[in-house]
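One structure below.
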Amino acid sequence: MTKRFTMIGSSYLFLFDKNSILLSRRFNTGYEDGKYSVPAGHVEDGETLIQCLLREVNEEIGVDLDPASITLVHVMHRKQEDIRVDYFFTARIASGVVKNMEPAKCDDLSWFPLDRLPVNTIPYIRSAIGHAHSGKIYSEFGWV
């Protein structure tokens, strides 16, 4: 029997404050270290995209999101070493204060103006932010 093709799914949070977005600089992870991303993570077995988002956001920045406010704003079909589908959401904070909860994996957690993202923002993250900001719901990244 032929093995069925699988894709890796991930949930990402675009947390906005007026015209700024919260970014975290990766540190000591082995992937894109020194570059900015957003709170995110891979969907675990038996977990929905929203459950993944809620778990990762709490683990990384110490807040609980208002589940009723979670809105899908972009989907990216991405090819790197493997093939992924990335789901980007916005939401409001229900409780907690934004704080770097993983200093061993993140060495900066800061707000940046949408029109002045750091030059070292991970390219597919920069692309997804731009698409979401312009209202484009779907994109592909890394395909020839």
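For the single chain, residues carry numbers from 1 onward in sequence order. Values reported hereafter were calculated over all heavy atoms of this structure, with side chains retained and with hydrogens, waters and symmetry mates removed.
- For His133, the ring-ring contact (aromatic ring centres under 6.0 Å, His included) test picks out no residue, with sequence neighbours left out.
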| field | Check against side-chain hydrogen bond (donor to acceptor under 3.5 Å, both in side chains), Tyr31 and Gln80 | value | CA-CA 12 Å; Tyr31 175 75; Gln80 204 161 2; 3.0 Å; yes
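- With sequence neighbours left out, the salt bridge (charged side-chain N to carboxylate O under 4.0 Å, His left out) criterion links Asp107 to Arg25.
- You'll find the side chain of Gln51 stays beyond 4.5 Å of the side chain of Arg55, heavy atoms only.
- Residue Phe27 shares its hydrophobic cluster (ILVMFWY side chains chained together at separations under 4.5 Å) with no other residue.
- Partners of Asp108 by salt bridge (charged side-chain N to carboxylate O under 4.0 Å, His left out), not counting sequence neighbours: none found.
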| query | Do Arg84 and Asp82 pass the salt bridge (Lys or Arg N to Asp or Glu O under 4.0 Å) test, and can you show the C-alpha distance, the side-chain angles, and the key distance before you say yes or no? | reply | CA-CA 7 Å; Arg84 298 171 178 261; Asp82 44 29; 2.9 Å; yes
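- Every pair passing ring-ring contact (aromatic ring centres under 6.0 Å, His included) that includes a residue from residues 32-73 is listed here, sequence neighbours excluded: Tyr36-Phe112.
- Here the closest non-hydrogen pair linking Ala91 and Leu15 is O-CD1, 3.6 Å.
- For the side-chain hydrogen bond (donor to acceptor under 3.5 Å, both in side chains) test, no residue two or more places apart in sequence or in another chain qualifies with Asn28.
- With rounding to the nearest 0.5 Å, the separation of OG in Ser127 from CD in Glu140 is 11.0 Å.
- With sequence neighbours excluded, the residues that form a salt bridge (charged side-chain N to carboxylate O under 4.0 Å, His left out) with Arg78 are Asp86.
- Hydrophobic cluster membership is shared by Ile50 and Ile93, with clusters built from Ile, Leu, Val, Met, Phe, Trp and Tyr side chains linked at under 4.5 angstrom.
- With side-chain heavy atoms closer than 4.5 Å counting as contact, directly or through intermediates, Val144 stands alone and belongs to no larger hydrophobic cluster.
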| said: Between Leu109 and Leu23, does the side chain to side chain contact (heavy atoms under 4.5 Å, CB included) criterion hold? Intermediate values first, please. | reply: CA-CA 6 Å; Leu109 184 65; Leu23 298 179; over 6 Å; no
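- Leu72 approaches Ile137 most closely through the heavy-atom pair O-CD1, 4.0 Å.
- Hydrophobic clustering (ILVMFWY, side-chain heavy atoms < 4.5 Å, transitive): Ile129 and Tyr87 are in distinct clusters.
- Phe141 and Phe89 sit in two unconnected hydrophobic clusters of ILVMFWY residues. Membership requires side-chain heavy atoms under 4.5 Å apart, directly or through other members.
- The nearest pair of heavy atoms linking Ser24 to Pro39 is OG-N, 4.4 Å.
- For the pair Val38 and Leu22, the tightest heavy-atom approach, listed with the atom from each and the gap, is CG1-O, 3.7 Å.
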| request: Before giving the answer on side chain to side chain contact (heavy atoms under 4.5 Å, CB included), spell out for Val43 and Ser11 the whole-Å C-alpha distance, their side-chain angles and the decisive distance to 0.1 Å. | output: CA-CA 7 Å; Val43 178; Ser11 294; 4.3 Å; yes
| query | Could you go step by step and tell me if Tyr12 and Ile125 meet the side chain to side chain contact (heavy atoms under 4.5 Å, CB included) rule? | reply | CA-CA 10 Å; Tyr12 297 75; Ile125 296 294; 3.7 Å; yes
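- Within the 4.5 Å cutoff, side-chain heavy atoms of Tyr138 are placed close to those of His77.
- For Ser95, the side-chain hydrogen bond (donor to acceptor under 3.5 Å, both in side chains) test picks out Asp64, with sequence neighbours left out.
- Nearest approach of Met7 to Val85, heavy atoms of both residues: SD-CG2, 3.5 Å.
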| query | How far apart are the C-alpha atoms of Lys105 and Glu60, what are their side-chain angles, what is the distance that settles it, and do they pass the salt bridge (Lys or Arg N to Asp or Glu O under 4.0 Å) test? | reply | CA-CA 9 Å; Lys105 294 181 182 179; Glu60 293 181 17; over 6 Å; no
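- For the pair Glu32/Arg26, a side-chain contact is recorded, criterion being any heavy-atom separation below 4.5 Å from C-beta on.
- Partners of Lys79 according to the side-chain contact (heavy atoms from CB on, under 4.5 Å) rule, which considers only residues two or more places apart in sequence or in another chain, are Ile83, Trp143.
- Looking only at distances, a side-chain donor or acceptor of Glu47 sits under 3.5 Å from a matching main-chain atom of Glu44.
- Hydrophobic clustering (side-chain heavy atoms under 4.5 Å, transitive across Ile, Leu, Val, Met, Phe, Trp, Tyr) keeps Phe88 apart from Leu49.
- Under the side-chain hydrogen bond (donor to acceptor under 3.5 Å, both in side chains) criterion, Ser139 pairs with His74, not counting sequence neighbours.
- Taking 4.5 Å as the limit, some side-chain heavy atom of Ile21 sits within range of a side-chain heavy atom of Phe14.
- Residue Val63 is not grouped with residue Phe16 when hydrophobic side chains (ILVMFWY) are merged at heavy-atom distances under 4.5 angstrom, including chains of intermediate members.
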Exercise answer: donor-acceptor pairs, residues 115-122 side-chain atoms, under 3.5 Å, sequence neighbours excluded:
unit_1 : atom_1 : unit_2 : atom_2 : d
Asn120 : ND2    : Gly34  : O      : 2.7
Thr121 : OG1    : Pro118 : O      : 2.7

| query | Where do Leu54 and Ile70 land on the side chain to side chain contact (heavy atoms under 4.5 Å, CB included) test, with the steps shown first? | reply | CA-CA 10 Å; Leu54 295 170; Ile70 297 171; 3.9 Å; yes
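- Side-chain atoms of Thr6 do not come within 3.5 Å of backbone N or O of Arg4 as any donor-acceptor pair.
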